[in-house]
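Quick notes on the structure that follows.
Positions are given from 1 along the sequence.
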Amino acid sequence: MSEFINPEEIIVDDFILKQIPGTPKFAKEIYDIFTTDSDTFKHWFEGGMWKSVDEVEKYYQDKLQNNNPRLKYAMYGIFKNNELLGEIGLSAIDTKNQTGKIGYWLKKSARGRGILDKLIPAIENLGFEKFNLRKINILCDDDNIASRKHAEKNGYKLEGIQRECKLWPDGSIHSTAMFGKLKSEYKK
């Protein structure tokens with residue numbers, strides 16, 4: 001069961017979702033997570049991995065100061081016992097078209113424990129109830145079996161495969177699986 005504590009914090013079971021501040025402390029922690037598991041995360045960065053803690057700090061500061069009134073973000077750090085496990089939330093919230101995308105990442109030690117399947121419904125609730133979205137998407141690499149399973153387990157329908165749409169930094173070409181859920185398919 002999800003409980004909204006305030007606009008900045010969501011509690012789901014023993015997880016607390018709250019914004020990750022763009023501070024040196026969290027930038028260092030995130031930088032360490034991503035560099036420790038660079039084989040997983042290196043593909044997310046079209047220009048290559050973050051080169052420094054300062055780059056991570058700037059990224060999170062910029063994200064918190066998004067000034068585009070039409071596109072919004074509601075991304076949350078995933079904390080358990082004050083430990084940062086990853087991030088989940090809505091990105092590219094388009095208020096005109098009433099759409100958004102759920103995005104997430106987990107550090108290696110937090111994967112395979114069902115965490116995302118507990119948290120995706122809370123983020124859906126945020127999107128459909130607070131932001132009045134009519135559709136939420138989950139996009140993932142077509143080969144990312146774990147992300148595909150999270151989408152399917154949470155009732156998202158595969159809407160198609162965008163073939164060979166991503167060129168990774170290593171030169172390999174990948175396809176993206178596109179999953180979607182309509183507000184009419186959402187159960188509170």
Interatomic spacing from NZ in Lys153 to CG in Leu116 - rounded to 0.5 Å: 10.5 Å
Short question: side chain of Glu185, backbone of Leu182 - any donor-acceptor pair under 3.5 Å? yes
Under 4.5 Å between side-chain heavy atoms, hopping through other hydrophobics if needed: is there a path connecting Met178 to Ile93? no
Where do Trp105 and Ile33 land on the side chain to side chain contact (heavy atoms under 4.5 Å, CB included) test, with the steps shown first? CA-CA 11 Å; Trp105 60 265; Ile33 289 169; 3.8 Å; yes
So, does Asn97 use its side chain to make a donor-acceptor pair with the main chain of Thr99 at under 3.5 Å? no
Indicate yes or no: does Glu57 engage Lys28 in a salt bridge with an N to O separation below 4.0 Å. no
Between Lys130 and Asn125, a side-chain donor and acceptor under 3.5 Å: no
Start with the C-alpha distance between Phe131 and Thr95, add both sets of side-chain angles, then the distance that settles side chain to side chain contact (heavy atoms under 4.5 Å, CB included), and finish with yes or no. CA-CA 8 Å; Phe131 293 109; Thr95 53; 5.7 Å; no
Arg134 side chain to Ser184 backbone, donor-acceptor under 3.5 Å: no
Are Thr176 and His174 close enough that a side-chain donor and a side-chain acceptor fall under 3.5 Å? no
Decide if atom CG of Asn81 counts as having more than 12 heavy atoms of other residues, nucleotides or ligands within a radius under 6.0 Å. no
Mind checking whether Ile136 and Lys101 have side chains closer than 4.5 Å, heavy atoms only? no
When rounded to the nearest 0.5 angstrom, what is the spacing between CG in Leu17 and CE in Met75? 10.5 Å
Give me the ring orientation class for Phe26 and Phe79: parallel if the planes are under 30° apart, tilted from 30 to 60°, perpendicular past 60°. perpendicular
CD1-NZ distance between Ile10 and Lys18, expressed to the nearest 0.5 angstrom: 13.0 Å
Say whether, by atom type as modelled, one donor and one acceptor occur between the side chain of Arg111 and the main chain of Leu106 under 3.5 angstrom. yes
Taking 4.0 angstrom as the limit, do Lys135 and Glu159 come out as a salt bridge? yes
Here the gap from Asp32 atom CG to Leu84 atom CG, rounded to the nearest 0.5 Å, amounts to 11.0 Å
Strictly distance-based, threshold 3.5 Å: is any side-chain N or O of Glu55 a donor or acceptor partner for the main-chain N or O of Lys51? yes
Does Asn154 reach the side chain of Pro121, with side-chain heavy atoms less than 4.5 Å apart? yes
Considering all heavy atoms, the nearest Lys183-Leu133 contact: CD-O, 3.4 Å
Residue pair Ile161 / Leu158, side-chain heavy-atom distance below 4.5 Å: yes
With a 4.0 Å cut-off, would you call Asp142 and Lys166 a salt bridge? no
Please say whether the positively charged group of Lys80, taken as NZ for Lys or CZ for Arg, lies over the ring of Phe15, i.e. under 6.0 angstrom from the six-membered ring centre and within 45 degrees of the axis. yes
Kindly say whether Lys96 contributes a backbone atom to a donor-acceptor pair with the side chain of Asp94 at under 3.5 angstrom? yes
Residues Lys107, Glu29; criterion salt bridge (charged side-chain N to carboxylate O under 4.0 Å, His left out); working and verdict: CA-CA 11 Å; Lys107 69 183 188 178; Glu29 193 168 343; 5.2 Å; no
Can you tell me how the ring of Trp50 sits relative to the ring of Phe34, calling it parallel under 30°, perpendicular over 60° and tilted otherwise? tilted
When every non-hydrogen atom of Ala110 is compared with those of Ile115, the smallest separation belongs to O-CD1, 3.4 Å
With hydrophobic residues grouped by side-chain heavy-atom distances under 4.5 Å, do Ile102 and Leu139 end up in a single group? no
Keeping the roles fixed (side chain from Lys181, backbone from Ile138), state whether a donor-acceptor pair exists under 3.5 Å. no
Contact check, side chains of Phe179 and His150, non-hydrogen atoms, under 4.5 Å: no
Of the non-hydrogen atoms in Gly86 and Ile20, which two are nearest, and what is the gap between them? O-CD1, 4.3 Å
Would you indicate whether the side-chain heavy atoms of Gln162 and Ser175 approach each other to under 4.5 Å? no
Tyr76 side chain near Ile16 side chain, heavy-atom distance below 4.5 Å: no
Roughly how far, to the nearest 0.5 Å, is CD of Glu87 from CG of Leu119? 12.5 Å
Are Tyr156 and Asn137 close enough that a side-chain donor and a side-chain acceptor fall under 3.5 Å? no
